[in-house]
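All values below come from the heavy atoms of this structure, side chains included, with hydrogens, waters and symmetry mates left out. Note that this is a predicted model, so its numbers are computed, not measured. Chain A is the first sequence line, chain B the second, and so forth, proteins listed ahead of strands; every chain is numbered from 1.
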Amino acid sequence: MILKCLEEGYEGILILACPLDNCKYVRGNYRAQKRVDAVKKILDDIGIERESVQIEFVSSLDSHKVAEAINGMKAYLAKRGAKG
Amino acid sequence: MIVAERKPFDEIYEMVKGYDTVLVLGCGTCVTVCMAGGEKEVGVLSSAIRLANKKNNITQDIIEDTIERQCDREFFDKVKKKIKAADAVLSMACGVGVQFCSEVFEGTRVLPALNTTFYGTTENQGVWSERCAGCGECVLDDFGGICPIARCSKSLLNGPCGGSQNGKCEVDPENIDCAWQLIYDRMKLLGMLDKLEVNQAVKDWNTARDGGPRKIVREDVTL
């Protein structure tokens with residue numbers, strides 16, 4: 001799914017998962033982290049910046065953290081010269 | 001099952017260079033279970049190749065499909081047209097599947113995306129280990145169901161060597177159990193330690209790879 005998004009032209013992907021140790025599916029967020037790490041490894045192989053894919057662990061109460069994560073990704077994309 | 005792992009991306013990318021249309025073909029049996037060459041892995045590898053092509057301004061059609069088995073002729077019917085239309089097939093099957101695909105479609109270039117490694121089991125999710133060496137003459141009845149040929153680094157049949165320490169093999173004490181420790185413990189549990197007193201004769205390796213490529217013909221089931 002992440003690679004498909006990149007294929008379709010999205011230049012940055014931000015994944016928001018629940019806080020670690022607080023997942024409805026127990027270890028779902030840890031597994032998501034592993035998947036993202038695997039995708040970053042693929043990006044390394046291809047020569048695409050690994051920061052193109054980011055994961056943050058936030059809860060619905062952390063609106064400031066959500067905003068921070070989104071702004072962080074926007075800043076990264078702006079720096080890369082992509083459309084935010 | 002046959003356990004394999006994907007080749008490094010660079011090696012695969014180099015292999016598919018220069019072909020206009022590449023069919024990435026997965027296999028739905030062993031390599032799907034060991035998460036190396038099933039439908040999901042076909043999707044990931046295909047995406048990676050497309051992304052690399054995009055980055056390098058290379059035009060190449062990457063087509064995806066997965067069949068039930070690449071080691072049996074009838075399953076290729078489903079993808080026959082795609083294979084014939086492709087300039088190369090990047091097979092995500094084990095070495096058997098790659099060779100058989102190449103045999104069925106003689107005029108087609110078939111490339112291996114995996115390194116086929118061993119016959120093994122899934123110890124835990126994401127952990128596979130060797131259990132059988134396919135020696136052609138099973139001796140598991142003598143060793144409590146633990147194979148000294150596949151699981152002892154030296155394939156010893158008459159007890160451990162001096163490299164067995166604390167139940168581990170000197171070849172890699174962190175990751176390899178001493179097969180003979182396992183055999184001893186299992187035989188003790190089964191109350192069959194006396195069976196280990198019997199000296200095993202020198203094994204006839206003709207039934208293994210040493211006898212050349214093997215073939216089984218069963219007259220009762222041939223057509």
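Within 6.0 Å of the CG atom in B:Asn166, the count of heavy atoms belonging to other residues, nucleotides or ligands does not exceed 12. Around CD of B:Glu123, the count of heavy atoms belonging to other residues, nucleotides or ligands within 6.0 Å exceeds 12. By the 6.0 Å contact criterion, NZ on A:Lys65 is open, its count of non-hydrogen atoms from other residues, nucleotides or ligands being 12 or less. For A:Arg31, the CZ atom counts as loosely surrounded, since its 6.0 Å shell holds 12 or fewer non-hydrogen atoms of other residues, nucleotides or ligands. A 6.0 Å sphere centred on CD of B:Gln125 holds no more than 12 heavy atoms belonging to other residues, nucleotides or ligands. Heavy-atom contacts from other residues, nucleotides or ligands closer than 6.0 Å to NZ of A:Lys34 number 12 or fewer.
Contact annotation: the side chain of B:Phe9 approaches that of A:Ile46 to within less than 4.5 Å [non-hydrogen atoms, C-beta and beyond].
Among B:Ser47, B:Gly43, B:Pro8, the residue with the largest count of heavy-atom pairs under 4.5 Å with chain A is B:Ser47.
In this structure, the separation between CG on A:Leu43 and CG on B:Leu51 is 7.5 Å, given to the nearest 0.5 Å. Taken from CG in A:Asp45 to CD1 in B:Ile49, the straight-line distance is 11.5 Å, to the nearest 0.5 Å.
Of the possible donor and acceptor atoms, one in the side chain of B:Lys54 sits under 3.5 Å from a partner among the backbone N and O of A:Glu7.
Heavy atoms of A:Ile48 lying under 4.5 Å from chain B belong to its backbone as well as its side chain.
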> For A:Lys4 and B:Glu64, what are the C-alpha separation, side-chain angles and deciding distance, and is it a salt bridge (charged side-chain N to carboxylate O under 4.0 Å, His left out)?
Replying inline: CA-CA 13 Å; A:Lys4 281 272 175 240; B:Glu64 305 172 26; 3.6 Å; yes
